[in-house]
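These numbers come from a predicted model, not from an experiment. Naming convention: chains lettered A, B, ... in sequence-line order (proteins, then strands); numbering from 1 in each chain.
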There are 2 protein chains.
Amino acid sequence: MKTGDLNLVKKINKSIVLTTIQNMAPLSRANISEITGLNKATVSSLVAELIDEALVGETGPGESSGGRRPVMLYFNKKAGFSIGVDLGVNYMLAVLTDLSGTIIYEKQTELEPQTNQEAIFTKLSLLIKDTMDHVPESPYGIIGVGIGVPGITNNEGDVLLAPNLGWGFTDIKGYLAKQFDIPIIIDNEANAGAYGEKLYGSGKTLANFIYTSIGIGIGSGIVIDNSLFRGATGISGEMGHFTINAHGPTCRCGNKGCWELYASEQALLKEAQNLPSLKERKDINLELLIQLAEAGDQDILQLFDLIGEYIGIGFVNIANTFNPQAIILGNRFSLIKKWIFEAINRTIAQRLSVSQETEIKFSERGIYSCALGSAAFVIEAFFSHRKVTVE
Amino acid sequence: MKTGDLNLVKKINKSIVLTTIQNMAPLSRANISEITGLNKATVSSLVAELIDEALVGETGPGESSGGRRPVMLYFNKKAGFSIGVDLGVNYMLAVLTDLSGTIIYEKQTELEPQTNQEAIFTKLSLLIKDTMDHVPESPYGIIGVGIGVPGITNNEGDVLLAPNLGWGFTDIKGYLAKQFDIPIIIDNEANAGAYGEKLYGSGKTLANFIYTSIGIGIGSGIVIDNSLFRGATGISGEMGHFTINAHGPTCRCGNKGCWELYASEQALLKEAQNLPSLKERKDINLELLIQLAEAGDQDILQLFDLIGEYIGIGFVNIANTFNPQAIILGNRFSLIKKWIFEAINRTIAQRLSVSQETEIKFSERGIYSCALGSAAFVIEAFFSHRKVTVE
DNA sequence: TACTCTTTGTTTAAACAACAAACAAAGCCT
DNA sequence: AGGCTTTGTTTGTTGTTTAAACAAAGAGTA
């Protein structure tokens, strides 16, 4: 049982001071005291410890406001570095970030579709090693590696199922832990994307939102009260598989009429193939359709509109279920924003009860959301034993 | 900003001690010390204060285990009383409970359908006053009134919309506050039901579950990490209005093919009306159908089965979205459990990916869930300034 | 320049909650 | 009767926040 003692009090206040510096630097000890309500003496003593731990530094004297000049403090975001990997179906993207989520280095590797698991593991190791080589000198070095996987993961770092990779149960954390002696965090690609947008993108100012990652499939990350909801056993947000057509076609998940059969890249490409103008072509992919849309192809524009409508139908379901402040659309479909945005909003206006005010947004960090979020999971874990919240 | 100080530590520990006594009484100070890890001296001092506040009492000496006999403590559940009201469409049920949720007194009032708001308010006042008259003498008296309303409420205690009552925006809290000088808490009927089941029913051992209240409409309460999720602005769980048929009939909410059009009492009665055997009858209601089912009417049994299937389809959506440990079916449809249970489970087995293990349960407190949950909201508020949690 | 006032940050002493250890109380066992 | 065990209180220590005093360093003004 978690009882209270003096140690806890200190931890809470130190956490508050650190968070304040992270969010509002540059600022002085006096500023912190005023903002937090903590006594000046308390702030001084806690800041001294944070400086000892290399998490905070002094930049020098600031502007006087009629008295002694303050000593300005900053958050030492270079105290350590995190690695985040977006493990896609046909690519791998790794980013190296500092403790504030700024990208220091990035590297992308292409993957042949259907690459076997052994080969993916090897490439992943190489990618991580390469990224590690680009870490600057720092007190804490690399504080961990986070990986976003397009599939279902549990809280122990196992992948339970990743159909688009052809994986069943996979102990990816175990594999990596053997090679790298640092914390490894595995999570779902949509959760990571949601977290990335929460910290560094469209979700920065939102406490409650749903991030929907629409690509080949549809995944989602649920942010409630500023933190990610992972569900009972770490599986959740499989919203691509809710039924929007009770007697529709069977999905590979076993259910019928799943949303993702109507509103994903897989649905889009299938419909495109049926267009008279494209019937013969074998090279249909999202990029081609974007080209055609740019050129003003009416069939394609109409198709995008239809897909947008189905996305809107799913969004109405999400809004009715969670009443979030916003739904953020991310992953590949953020590329076709301009052709689906109107249809999504139109559908929502038609179907959603007026009392709800859910805004539709698009991912701000684009293809980086997932890698950034994965890196952020590591940073969160690094700070977790320093940060405490009370309610 | 919420900083830490000695006062906070004390509050945390006092809260732990009180919770421990509530959950495990009768027990001694030494027991508490052992269970919580708090020092014996600390426990003694905190228990002394709780006794001063009349929340805890001593029953007398317990069994010796080879030394001095312990003084056994109990939670004084009679220190105050709470009133919970289930404001239904054609009835009002009030319960008077002690601080542990035990019902001391209850009273139900029938309502004519379409009763106007003024009349409902008057009846509600009378019901509350009558309930108050049955309160035993106690240190804190009546600590508040909680009301569960079949509609959308916000966190300020306003009803925004209650279609089945014919209400638009209604300041019910304001009305009651004028007459009763105690805390008034207004919440959605499904949220209250969920909370009632969480504390005193099928949800007691579950940290994550979805309570679906299926009656005329379908509402839902979402329990995440042992606490109720209310959504961005206190509106959430309008799951009855997610689409399960993208191009189905239009619902009064504006959306199309809403789940509640296929799986609620309203759907059931409409289908029943179309049965050849019932075409001429004007007195179709749930109770009649139950009678017929008991008598073995094949048409009715088949109809129940069909409705069960649609309930199952919605449950699959819920499971895919939240991955809860269980889905608890409550309200009127808990009455027809034996005729729909099999169809629900069958549908889920067919449609839900095997990796998920969501159990289907039925409400344990039956028609009391909502009133009990409403009363519990009041108790929670009463303790909220005493109880603190840290993470 | 000299002086006062303001602001910043540190030092000092007081308050207080948890804690360990000693102690008192009240039982059990032989 | 005496030793042992368990319970619960008392006593003194530790560690943290805090208010108040203080020191440092600048601004403003005559």
Quick test of your reading of the model: are Glu34(B) and Lys40(B) salt-bridged, counting only N-O distances below 4.0 Å? no
Can a salt bridge be assigned to the pair Glu49(B) and Lys14(B) using a cut-off of 4.0 Å between side-chain N and carboxylate O? yes
Looking for any heavy atom pair under 4.0 Å, which part of the strands does [X] touch: base, sugar-phosphate only, or nothing?
X: Lys40(A); answer: base
X: Ala41(B); answer: base
X: Val43(B); answer: nothing

Which of these nucleotides, [options], is closest to any side-chain atom of [X]?
X: Arg69(A); options: dT9(D), dT8(C), dG26(D); value: dG26(D)
X: Val9(A); options: dT16(D), dT8(C), dA27(D); value: dT16(D)
X: Asn13(B); options: dG26(D), dC16(C), dA18(C); value: dA18(C)
X: Ser28(B); options: dT6(D), dG8(D), dT7(C); value: dG8(D)
X: Arg29(A); options: dT18(D), dT10(C), dT8(C); value: dT10(C)
X: Leu6(A); options: dA18(C), dG15(D), dT17(D); value: dG15(D)
X: Thr42(B); options: dA18(C), dG8(D), dG26(D); value: dA18(C)

To the nearest 0.5 Å, what is the distance between OG (Ser15(B)) and CG (Asn13(B))?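 Going from the OG atom of Ser15(B) to the CG atom of Asn13(B) covers 8.5 Å.
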Phe75(B) CZ to Leu27(B) CG distance, which is reported to the nearest 0.5 Å: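 It comes to 13.5 Å.
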Side-chain donor or acceptor of [X] under 3.5 Å from a matching atom on the base of [N]?
X: Arg68(A); N: dT7(C); result: no
X: Asp5(A); N: dA18(C); result: no
X: Asn39(B); N: dA18(C); result: no

Rounding to a whole Å, what distance do you find between [X]:[atom1] and [N]:[atom2]?
X: Glu34(A); N: dG9(C); atom1: CD; atom2: C1'; value: 14 Å
X: Ile35(A); N: dT8(C); atom1: CD1; atom2: C1'; value: 15 Å
X: Leu8(A); N: dT16(D); atom1: CG; atom2: P; value: 12 Å
X: Asn7(A); N: dC19(C); atom1: CG; atom2: P; value: 11 Å
X: Glu58(B); N: dG8(D); atom1: CD; atom2: C1'; value: 11 Å
X: Leu46(B); N: dT9(D); atom1: CG; atom2: C1'; value: 14 Å
X: Lys14(B); N: dA18(C); atom1: NZ; atom2: C1'; value: 15 Å
X: Ile32(B); N: dA18(C); atom1: CD1; atom2: P; value: 14 Å

Are more than 12 heavy atoms, taken from residues, nucleotides or ligands other than Asn23(B), located less than 6.0 Å from that residue's CG atom? yes
Mind running side chain to side chain donor-acceptor pair (under 3.5 Å) on Glu58(B) and Tyr74(B) for me, showing each step along the way? CA-CA 6 Å; Glu58(B) 298 183 333; Tyr74(B) 67 94; over 6 Å; no
Comparing Ser65(A) with Gly4(A), nearest DNA chain C nucleotide closer to 5' gives the residue Ser65(A)
Met72(B) vs Gly67(B), nearer the 5' end of DNA chain D by closest nucleotide: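 Final value for this comparison: Gly67(B).
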